[in-house]
Amino acid sequence: MDSIREFFKRIKDRPSIYLVMLALTFVFSAAEAYNPVIRKYGSFGYVFEHNYMKTLSGWTEKADAFFAAGSGAYFYIMIALLCVFVLSALVSVALSGYVNVLMSAVNGQKKKRGEFRYGIKRNFLKITVYIFLAIIFTVLFFFMLIYSVIPAVSMLMMFFDGNSGVIFTMLLLCVLTVAVMLLAIVFYGMYFSYILPSIAGLRKGCVRAGFKMTNTYCWYLMPKTALFLFLDALLRAALFAVHYGHRSVALSIIVLLITAALRSFLYYIYIYFVFNTFVAMRDDLYPDYYEEAPPVPRRERPAPQPVRSVPRRKTVKADPDVVSAGRGPGNAEPDDYDDSFEP
(Lines give C-alpha, C1' and ligand atoms only; values in the text may rest on other atoms or scores of the structure.)
Protein backbone atom coordinates (compact mmCIF):
# COMPACT_ATOMS: atom_id res chain seq x y z
CA MET A 1 0.00 0.00 0.00
CA ASP A 2 1.28 3.46 -0.90
CA SER A 3 1.73 6.22 1.64
CA ILE A 4 0.29 9.74 1.42
CA ARG A 5 3.66 10.92 0.10
CA GLU A 6 3.54 8.38 -2.72
CA PHE A 7 -0.09 9.34 -3.39
CA PHE A 8 0.84 12.95 -4.19
CA LYS A 9 4.02 11.86 -5.99
CA ARG A 10 1.89 9.94 -8.48
CA ILE A 11 -0.02 13.12 -9.31
CA LYS A 12 3.23 15.06 -9.71
CA ASP A 13 4.67 12.45 -12.07
CA ARG A 14 1.44 12.04 -14.04
CA PRO A 15 -0.82 15.11 -13.71
CA SER A 16 -3.23 13.60 -16.24
CA ILE A 17 -4.52 11.02 -13.73
CA TYR A 18 -6.12 13.88 -11.78
CA LEU A 19 -6.91 16.23 -14.66
CA VAL A 20 -8.86 13.56 -16.54
CA MET A 21 -10.84 12.78 -13.39
CA LEU A 22 -11.55 16.52 -12.96
CA ALA A 23 -12.80 16.78 -16.55
CA LEU A 24 -15.03 13.70 -16.20
CA THR A 25 -16.56 14.85 -12.92
CA PHE A 26 -17.18 18.33 -14.34
CA VAL A 27 -19.02 16.91 -17.36
CA PHE A 28 -21.17 14.56 -15.31
CA SER A 29 -21.84 17.17 -12.61
CA ALA A 30 -23.03 19.60 -15.30
CA ALA A 31 -25.23 16.90 -16.87
CA GLU A 32 -26.70 16.13 -13.44
CA ALA A 33 -27.28 19.74 -12.40
CA TYR A 34 -28.87 21.03 -15.60
CA ASN A 35 -31.14 18.17 -16.59
CA PRO A 36 -34.89 18.83 -16.21
CA VAL A 37 -35.42 16.03 -13.66
CA ILE A 38 -33.06 17.61 -11.14
CA ARG A 39 -34.48 21.06 -11.82
CA LYS A 40 -37.92 19.80 -10.85
CA TYR A 41 -37.23 17.21 -8.14
CA GLY A 42 -33.72 18.00 -6.85
CA SER A 43 -34.59 19.75 -3.57
CA PHE A 44 -35.52 18.76 -0.05
CA GLY A 45 -38.72 20.76 -0.36
CA TYR A 46 -39.97 18.31 -2.96
CA VAL A 47 -38.59 15.29 -1.09
CA PHE A 48 -40.43 16.00 2.16
CA GLU A 49 -43.69 17.15 0.58
CA HIS A 50 -44.01 14.50 -2.10
CA ASN A 51 -46.53 11.65 -1.97
CA TYR A 52 -44.34 8.64 -2.77
CA MET A 53 -47.12 6.07 -2.82
CA LYS A 54 -48.97 8.05 -5.47
CA THR A 55 -45.75 8.35 -7.52
CA LEU A 56 -45.01 4.62 -7.28
CA SER A 57 -48.53 3.70 -8.30
CA GLY A 58 -48.29 6.14 -11.20
CA TRP A 59 -45.02 4.52 -12.32
CA THR A 60 -46.65 1.11 -12.18
CA GLU A 61 -49.59 2.25 -14.31
CA LYS A 62 -47.26 3.84 -16.86
CA ALA A 63 -45.16 0.67 -17.04
CA ASP A 64 -48.28 -1.45 -17.62
CA ALA A 65 -49.48 0.88 -20.36
CA PHE A 66 -46.01 0.92 -21.95
CA PHE A 67 -45.65 -2.85 -22.16
CA ALA A 68 -49.26 -3.22 -23.28
CA ALA A 69 -48.22 -1.54 -26.54
CA GLY A 70 -46.62 -4.82 -27.64
CA SER A 71 -43.86 -4.71 -30.24
CA GLY A 72 -43.69 -0.92 -30.12
CA ALA A 73 -42.50 -1.06 -26.50
CA TYR A 74 -39.68 -3.46 -27.34
CA PHE A 75 -38.65 -1.25 -30.24
CA TYR A 76 -38.24 1.72 -27.88
CA ILE A 77 -36.34 -0.47 -25.44
CA MET A 78 -33.90 -1.49 -28.18
CA ILE A 79 -33.43 2.16 -29.19
CA ALA A 80 -32.77 3.09 -25.56
CA LEU A 81 -30.24 0.26 -25.17
CA LEU A 82 -28.51 1.36 -28.37
CA CYS A 83 -28.24 4.92 -27.07
CA VAL A 84 -26.83 3.65 -23.76
CA PHE A 85 -24.25 1.56 -25.63
CA VAL A 86 -23.17 4.55 -27.73
CA LEU A 87 -22.85 6.64 -24.57
CA SER A 88 -20.81 3.85 -22.96
CA ALA A 89 -18.46 3.77 -25.95
CA LEU A 90 -17.93 7.54 -25.78
CA VAL A 91 -17.12 7.42 -22.07
CA SER A 92 -14.90 4.38 -22.61
CA VAL A 93 -12.62 6.36 -24.93
CA ALA A 94 -11.51 8.47 -21.96
CA LEU A 95 -11.86 5.87 -19.21
CA SER A 96 -9.99 3.03 -20.92
CA GLY A 97 -6.91 5.18 -21.46
CA TYR A 98 -7.21 6.68 -17.98
CA VAL A 99 -7.27 3.36 -16.13
CA ASN A 100 -4.19 2.18 -18.02
CA VAL A 101 -2.26 5.31 -17.01
CA LEU A 102 -3.47 4.96 -13.41
CA MET A 103 -2.51 1.28 -13.30
CA SER A 104 0.99 2.11 -14.57
CA ALA A 105 1.30 4.81 -11.90
CA VAL A 106 0.16 2.51 -9.10
CA ASN A 107 2.58 -0.19 -10.26
CA GLY A 108 5.40 2.33 -9.98
CA GLN A 109 6.31 2.14 -13.65
CA LYS A 110 8.12 4.96 -15.36
CA LYS A 111 6.10 7.29 -17.53
CA LYS A 112 6.05 6.12 -21.13
CA ARG A 113 4.91 7.78 -24.29
CA GLY A 114 1.61 6.48 -25.62
CA GLU A 115 0.26 5.02 -22.33
CA PHE A 116 -3.16 6.57 -22.85
CA ARG A 117 -3.40 5.42 -26.47
CA TYR A 118 -2.29 1.90 -25.55
CA GLY A 119 -4.99 1.76 -22.85
CA ILE A 120 -7.65 2.64 -25.43
CA LYS A 121 -6.34 -0.04 -27.79
CA ARG A 122 -6.21 -2.69 -25.08
CA ASN A 123 -9.24 -1.97 -22.87
CA PHE A 124 -11.75 -0.07 -25.03
CA LEU A 125 -14.12 -2.94 -25.80
CA LYS A 126 -14.03 -4.47 -22.30
CA ILE A 127 -14.63 -1.15 -20.56
CA THR A 128 -17.42 -0.28 -23.00
CA VAL A 129 -19.21 -3.48 -22.02
CA TYR A 130 -18.43 -2.78 -18.35
CA ILE A 131 -19.98 0.72 -18.49
CA PHE A 132 -22.99 -0.53 -20.47
CA LEU A 133 -23.74 -3.31 -17.97
CA ALA A 134 -23.08 -0.98 -15.03
CA ILE A 135 -25.70 1.48 -16.31
CA ILE A 136 -28.29 -1.25 -16.97
CA PHE A 137 -27.78 -2.98 -13.63
CA THR A 138 -27.73 0.33 -11.76
CA VAL A 139 -31.10 1.34 -13.20
CA LEU A 140 -32.60 -2.05 -12.31
CA PHE A 141 -31.01 -1.91 -8.85
CA PHE A 142 -32.44 1.56 -8.28
CA PHE A 143 -35.99 0.47 -9.08
CA MET A 144 -35.61 -2.61 -6.89
CA LEU A 145 -34.59 -0.38 -3.98
CA ILE A 146 -37.47 2.02 -4.63
CA TYR A 147 -40.09 -0.72 -4.57
CA SER A 148 -38.49 -2.50 -1.59
CA VAL A 149 -39.29 0.48 0.66
CA ILE A 150 -43.04 0.39 -0.05
CA PRO A 151 -43.92 -1.62 3.11
CA ALA A 152 -41.87 0.71 5.34
CA VAL A 153 -43.35 3.84 3.71
CA SER A 154 -46.88 2.42 4.15
CA MET A 155 -46.28 1.84 7.86
CA LEU A 156 -44.88 5.36 8.25
CA MET A 157 -47.93 6.86 6.58
CA MET A 158 -50.24 4.86 8.85
CA PHE A 159 -48.32 6.05 11.92
CA PHE A 160 -48.41 9.72 10.89
CA ASP A 161 -52.14 9.41 10.12
CA GLY A 162 -52.73 8.73 13.83
CA ASN A 163 -52.55 4.94 14.10
CA SER A 164 -50.12 4.66 17.05
CA GLY A 165 -50.67 0.89 17.39
CA VAL A 166 -48.24 0.17 14.58
CA ILE A 167 -45.28 1.99 16.14
CA PHE A 168 -43.27 -1.14 17.03
CA THR A 169 -43.96 -2.81 13.69
CA MET A 170 -43.13 0.44 11.94
CA LEU A 171 -39.81 0.84 13.79
CA LEU A 172 -38.77 -2.77 13.20
CA LEU A 173 -39.67 -2.63 9.51
CA CYS A 174 -37.91 0.71 8.98
CA VAL A 175 -34.72 -0.45 10.71
CA LEU A 176 -34.61 -3.69 8.71
CA THR A 177 -35.35 -1.87 5.44
CA VAL A 178 -32.65 0.73 5.99
CA ALA A 179 -30.07 -1.89 7.06
CA VAL A 180 -30.75 -4.12 4.06
CA MET A 181 -30.67 -1.16 1.67
CA LEU A 182 -27.36 0.12 3.01
CA LEU A 183 -25.73 -3.32 2.82
CA ALA A 184 -27.06 -3.84 -0.70
CA ILE A 185 -25.73 -0.46 -1.87
CA VAL A 186 -22.30 -1.03 -0.27
CA PHE A 187 -21.90 -4.53 -1.71
CA TYR A 188 -23.12 -3.42 -5.13
CA GLY A 189 -20.68 -0.50 -5.25
CA MET A 190 -17.81 -2.60 -3.88
CA TYR A 191 -18.10 -5.39 -6.42
CA PHE A 192 -18.47 -3.06 -9.38
CA SER A 193 -15.53 -0.94 -8.15
CA TYR A 194 -13.04 -3.81 -8.15
CA ILE A 195 -14.02 -5.19 -11.54
CA LEU A 196 -12.62 -2.02 -13.16
CA PRO A 197 -8.97 -2.47 -12.02
CA SER A 198 -9.27 -6.17 -12.85
CA ILE A 199 -10.03 -5.22 -16.44
CA ALA A 200 -7.02 -2.89 -16.54
CA GLY A 201 -4.61 -5.14 -14.66
CA LEU A 202 -5.46 -8.64 -15.88
CA ARG A 203 -5.52 -10.00 -19.39
CA LYS A 204 -7.87 -12.98 -18.89
CA GLY A 205 -10.50 -13.90 -16.32
CA CYS A 206 -10.73 -10.32 -15.06
CA VAL A 207 -14.34 -10.53 -13.84
CA ARG A 208 -13.80 -13.82 -12.06
CA ALA A 209 -10.60 -12.53 -10.46
CA GLY A 210 -12.34 -9.32 -9.37
CA PHE A 211 -15.10 -11.26 -7.64
CA LYS A 212 -12.55 -13.57 -6.02
CA MET A 213 -10.50 -10.68 -4.64
CA THR A 214 -13.58 -8.89 -3.33
CA ASN A 215 -14.87 -12.06 -1.67
CA THR A 216 -11.48 -12.75 -0.05
CA TYR A 217 -10.98 -9.23 1.36
CA CYS A 218 -14.66 -8.36 1.78
CA TRP A 219 -14.59 -7.21 5.41
CA TYR A 220 -11.49 -5.09 4.81
CA LEU A 221 -12.93 -3.37 1.72
CA MET A 222 -16.49 -2.86 2.93
CA PRO A 223 -15.81 -0.04 5.51
CA LYS A 224 -13.79 1.94 2.95
CA THR A 225 -16.51 1.61 0.33
CA ALA A 226 -19.16 2.56 2.88
CA LEU A 227 -17.18 5.68 3.86
CA PHE A 228 -16.85 6.75 0.23
CA LEU A 229 -20.58 6.25 -0.41
CA PHE A 230 -21.42 8.15 2.78
CA LEU A 231 -19.29 11.15 1.75
CA ASP A 232 -20.79 11.08 -1.75
CA ALA A 233 -24.31 10.98 -0.28
CA LEU A 234 -23.39 13.86 2.07
CA LEU A 235 -22.26 15.95 -0.89
CA ARG A 236 -25.45 15.13 -2.76
CA ALA A 237 -27.52 16.08 0.30
CA ALA A 238 -25.78 19.47 0.34
CA LEU A 239 -26.70 19.92 -3.32
CA PHE A 240 -30.33 19.08 -2.55
CA ALA A 241 -30.27 21.59 0.30
CA VAL A 242 -29.33 24.43 -2.06
CA HIS A 243 -31.29 22.97 -5.01
CA TYR A 244 -28.06 22.84 -7.06
CA GLY A 245 -27.93 26.66 -6.92
CA HIS A 246 -30.81 27.11 -9.38
CA ARG A 247 -32.01 30.28 -7.70
CA SER A 248 -29.73 32.21 -10.07
CA VAL A 249 -27.42 31.51 -12.98
CA ALA A 250 -24.31 32.80 -11.21
CA LEU A 251 -25.02 30.72 -8.10
CA SER A 252 -25.59 27.57 -10.16
CA ILE A 253 -22.21 28.03 -11.91
CA ILE A 254 -20.41 28.54 -8.58
CA VAL A 255 -22.10 25.45 -7.11
CA LEU A 256 -21.17 23.47 -10.24
CA LEU A 257 -17.48 24.44 -9.99
CA ILE A 258 -17.30 23.63 -6.27
CA THR A 259 -19.11 20.33 -6.83
CA ALA A 260 -16.76 19.30 -9.64
CA ALA A 261 -13.68 20.14 -7.55
CA LEU A 262 -14.90 18.26 -4.46
CA ARG A 263 -16.13 15.26 -6.42
CA SER A 264 -12.95 15.00 -8.48
CA PHE A 265 -10.82 14.89 -5.34
CA LEU A 266 -13.15 12.45 -3.57
CA TYR A 267 -13.45 10.15 -6.59
CA TYR A 268 -9.72 10.28 -7.28
CA ILE A 269 -8.88 9.28 -3.69
CA TYR A 270 -11.32 6.38 -3.86
CA ILE A 271 -10.32 5.09 -7.30
CA TYR A 272 -6.63 5.38 -6.38
CA PHE A 273 -7.34 3.36 -3.23
CA VAL A 274 -9.21 0.77 -5.30
CA PHE A 275 -6.36 0.36 -7.80
CA ASN A 276 -3.69 0.39 -5.10
CA THR A 277 -5.57 -2.23 -3.08
CA PHE A 278 -6.11 -4.29 -6.21
CA VAL A 279 -2.35 -4.45 -6.87
CA ALA A 280 -1.72 -5.58 -3.27
CA MET A 281 -4.45 -8.24 -3.50
CA ARG A 282 -3.19 -9.43 -6.87
CA ASP A 283 0.33 -9.83 -5.55
CA ASP A 284 -1.05 -11.77 -2.59
CA LEU A 285 -3.45 -14.08 -4.45
CA TYR A 286 -1.49 -14.39 -7.71
CA PRO A 287 2.21 -14.09 -6.77
CA ASP A 288 3.35 -15.60 -10.08
CA TYR A 289 1.26 -13.26 -12.20
CA TYR A 290 2.82 -11.25 -15.01
CA GLU A 291 0.91 -8.24 -16.29
CA GLU A 292 2.47 -8.85 -19.66
CA ALA A 293 3.34 -12.27 -21.02
CA PRO A 294 6.77 -13.31 -19.64
CA PRO A 295 9.50 -13.10 -22.24
CA VAL A 296 10.31 -16.43 -23.81
CA PRO A 297 14.06 -17.04 -23.66
CA ARG A 298 15.49 -17.40 -27.13
CA ARG A 299 17.39 -20.56 -27.76
CA GLU A 300 20.89 -19.68 -28.82
CA ARG A 301 22.13 -21.44 -31.93
CA PRO A 302 25.45 -23.22 -31.38
CA ALA A 303 28.45 -21.67 -33.03
CA PRO A 304 29.51 -23.45 -36.23
CA GLN A 305 32.33 -25.91 -35.64
CA PRO A 306 35.27 -26.11 -38.06
CA VAL A 307 35.01 -28.99 -40.49
CA ARG A 308 37.80 -31.48 -39.97
CA SER A 309 39.37 -32.98 -43.08
CA VAL A 310 39.09 -36.77 -43.16
CA PRO A 311 42.11 -38.55 -44.75
CA ARG A 312 41.18 -40.53 -47.77
CA ARG A 313 41.63 -44.27 -47.64
CA LYS A 314 44.34 -45.70 -49.90
CA THR A 315 42.78 -48.07 -52.43
CA VAL A 316 44.43 -50.39 -54.95
CA LYS A 317 42.94 -50.49 -58.39
CA ALA A 318 42.04 -54.06 -59.37
CA ASP A 319 43.25 -55.63 -62.58
CA PRO A 320 40.15 -56.47 -64.73
CA ASP A 321 41.90 -59.37 -66.47
CA VAL A 322 42.65 -61.10 -63.20
CA VAL A 323 39.11 -60.63 -61.93
CA SER A 324 37.48 -61.96 -65.10
CA ALA A 325 39.86 -64.97 -65.14
CA GLY A 326 38.87 -66.02 -61.67
CA ARG A 327 35.21 -66.01 -62.62
CA GLY A 328 34.47 -69.30 -64.38
CA PRO A 329 31.20 -71.07 -64.93
CA GLY A 330 31.70 -73.06 -61.77
CA ASN A 331 32.79 -70.08 -59.72
CA ALA A 332 29.65 -68.01 -60.06
CA GLU A 333 28.98 -65.87 -57.10
CA PRO A 334 25.81 -66.68 -55.17
CA ASP A 335 24.20 -63.38 -55.97
CA ASP A 336 24.76 -63.66 -59.76
CA TYR A 337 21.66 -64.03 -61.88
CA ASP A 338 21.24 -67.62 -63.30
CA ASP A 339 18.87 -67.86 -66.21
CA SER A 340 19.25 -71.71 -66.68
CA PHE A 341 16.11 -73.84 -66.50
CA GLU A 342 15.73 -77.53 -65.73
CA PRO A 343 12.34 -79.19 -65.93
Distance from [X] atom [atom1] to [Y] atom [atom2], nearest 0.5 Å?
X	Y	atom1	atom2	result
D232	Y267	CG	OH	3.5 Å
L82	I77	CG	CD1	13.5 Å
L95	L24	CG	CG	7.0 Å
L102	M21	CG	CE	8.0 Å
R282	F275	CZ	CZ	11.0 Å
T214	F187	OG1	CZ	10.5 Å

* Asked: Taking it one step at a time, do T259 and Y244 satisfy side-chain contact (heavy atoms from CB on, under 4.5 Å)?
  -> CA-CA 9 Å; T259 303; Y244 288 80; over 6 Å; no
Tell me whether [X] shares a hydrophobic cluster with [Y], the cluster being built from Ile, Leu, Val, Met, Phe, Trp, Tyr side chains joined at under 4.5 Å.
X	Y	result
V255	F26	no
Y76	I136	yes
I127	V91	yes
L221	F230	yes
V86	L133	no

* I would like to know whether I195 and C206 meet side-chain contact (heavy atoms from CB on, under 4.5 Å); could you show each step before the answer? => CA-CA 7 Å; I195 292 177; C206 49; over 6 Å; no
* Please collect all ring-ring contact (aromatic ring centres under 6.0 Å, His included) contacts where either partner lies in residues 78-107, sequence neighbours excluded, each pair once. => F85-F132
* To do: Could you list all the ring-ring contact (aromatic ring centres under 6.0 Å, His included) pairs where at least one residue sits in residues 135-155, not counting sequence neighbours?
  => W59-F143, F141-Y188
* Check whether the ring centres of F211 and Y191 lie less than 6.0 Å apart, and answer yes or no. => yes
* To do: List the steps and the verdict of ring-ring contact (aromatic ring centres under 6.0 Å, His included) for F273 and F228.
  => CA-CA 11 Å; F273 168 78; F228 163 73; over 10 Å; no
Does any part of the side chain of [Y], heavy atoms only, come nearer than 4.5 Å to the side chain of [X], both counted from C-beta?
X	Y	result
F278	D283	no
I271	L196	yes
I199	V99	no
Y217	T277	no
K112	Y118	no
T177	P151	no
Y18	S264	yes
S104	K110	no

Would you name the heavy atoms of [X] and [Y] that are closest together and state the gap between them?
X	Y	result
A30	L256	N-CD1, 3.5 Å
V149	I146	CG2-O, 2.9 Å
A209	L202	CB-CD1, 3.3 Å
A260	L22	O-CD1, 4.0 Å
C218	M190	SG-CE, 3.9 Å

* For the pair S88 and I135, evaluate side-chain contact (heavy atoms from CB on, under 4.5 Å) and give the outcome as yes or no after the intermediate values. => CA-CA 9 Å; S88 303; I135 294 174; 3.9 Å; yes
My understanding is that only residues two or more places apart in sequence, or in another chain, count here; which of them pass side-chain contact (heavy atoms from CB on, under 4.5 Å) with [X]?
X	value
K111	R14, E115
L182	V178
V93	I120, F124
S193	Y270, V274

* To do: Applying ring-ring contact (aromatic ring centres under 6.0 Å, His included), name anything that partners Y34, two or more places apart in sequence or on another chain.
  => H246
* Hydrophobic cluster partners of I258 (side-chain heavy atoms under 4.5 Å) -> L235, I254, L262
With no hydrogens and no angle check, is any side-chain donor or acceptor of [X] less than 3.5 Å from a backbone partner on [Y]?
X	Y	result
S248	L251	yes
N107	M103	yes
S148	L145	yes

The criterion is side chain to side chain donor-acceptor pair (under 3.5 Å); which residues satisfy it with [X], sequence neighbours excluded?
X	value
T25	none
T128	S92
Y130	none

* salt bridge (Lys or Arg N to Asp or Glu O under 4.0 Å) partners of E32, counting only residues at least two apart -> R236, R263
